[in-house]
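Notes follow once the structure below has been shown.
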Amino acid sequence: YEMVPVTGVQTCALPISALGWILTDEKRAARFLDLTGLTPEGLRESLSELATHRAVFEFLCAHEPDLVAAAQALEIDPAVIAAGKEGLSR
């Protein structure tokens, strides 16, 4: 992967972009909702919350095939997603 600098705007947009990728697959979306305990309505209501952003990163980092596929789809290094998770865990 070619490292692309990440700006503050990208940092804010990354969990939403990653969530969009998660939701493109019905089985993956159902797994995300099951693991987080969110409902579709609850997810819509919590899109701007850090806990939801953290849940997106944790979901992807917990399953390497999803992490790698999401990073490829978003054209970023998987480490950027992992760093986002670490940044929100502080």
Side-chain angles (χ1 to χ4, degrees):
Y1 294 96
E2 180 181 335
M3 292 301 292
V4 176
V6 177
T7 67
V9 171
Q10 288 170 319
T11 301
C12 295
L14 180 57
I16 301 303
S17 297
L19 177 62
W21 178 84
I22 290 168
L23 298 177
T24 61
D25 179 84
E26 191 174 324
K27 288 182 182 179
R28 186 173 49 237
R31 186 166 40 95
F32 176 77
L33 293 175
D34 288 345
L35 290 172
T36 61
L38 288 167
T39 63
E41 296 78 23
L43 179 58
R44 277 193 282 291
E45 292 170 2
S46 68
L47 284 176
S48 64
E49 294 179 15
L50 290 179
T52 301
H53 296 185
R54 190 177 309 113
V56 168
F57 289 141
E58 288 175 354
F59 175 83
L60 292 173
C61 289
H63 188 67
E64 187 174 358
D66 283 345
L67 173 64
V68 172
Q72 288 176 340
L74 299 172
E75 299 180 351
I76 58 173
D77 190 296
V80 174
I81 295 172
K85 176 183 175 259
E86 293 305 315
L88 289 178
S89 295
R90 293 182 199 162

> Of all heavy-atom pairs between H53 and L47, which one has the smallest distance, and what is that distance?
Replying inline: NE2-O, 2.8 Å
>> Just to verify, what does E41 make a salt bridge (charged side-chain N to carboxylate O under 4.0 Å, His left out) with, not counting sequence neighbours?
In response: R44
>> One pair to check against side-chain contact (heavy atoms from CB on, under 4.5 Å): V56 and F32. What are the steps and the verdict?
In response: CA-CA 8 Å; V56 168; F32 176 77; 3.9 Å; yes
> What pairs meet the side-chain hydrogen bond (donor to acceptor under 3.5 Å, both in side chains) rule with one or both residues in residues 27-36, with sequence neighbours excluded?
Replying inline: T24-R28, R31-D66
>> To check you understand the geometry: which heavy-atom pair defines the closest contact between W21 and A70, and what is its length?
In response: CE3-CB, 3.5 Å
> Looking at residues at least two apart in the chain, or sitting in another chain, which of them share a side-chain contact (heavy atoms from CB on, under 4.5 Å) with E49?
Replying inline: S46, T52
>> Between L43 and L19, does the side-chain contact (heavy atoms from CB on, under 4.5 Å) criterion hold? Intermediate values first, please.
In response: CA-CA 10 Å; L43 179 58; L19 177 62; 3.9 Å; yes
>> For a quick test of reading the model, state the closest non-hydrogen atom pair linking A82 to C61 and the distance between them.
In response: CA-SG, 3.8 Å
>> Just verifying a value: how many Å separate L60 CG and I22 CD1, rounded to the nearest 0.5 Å?
In response: 4.0 Å
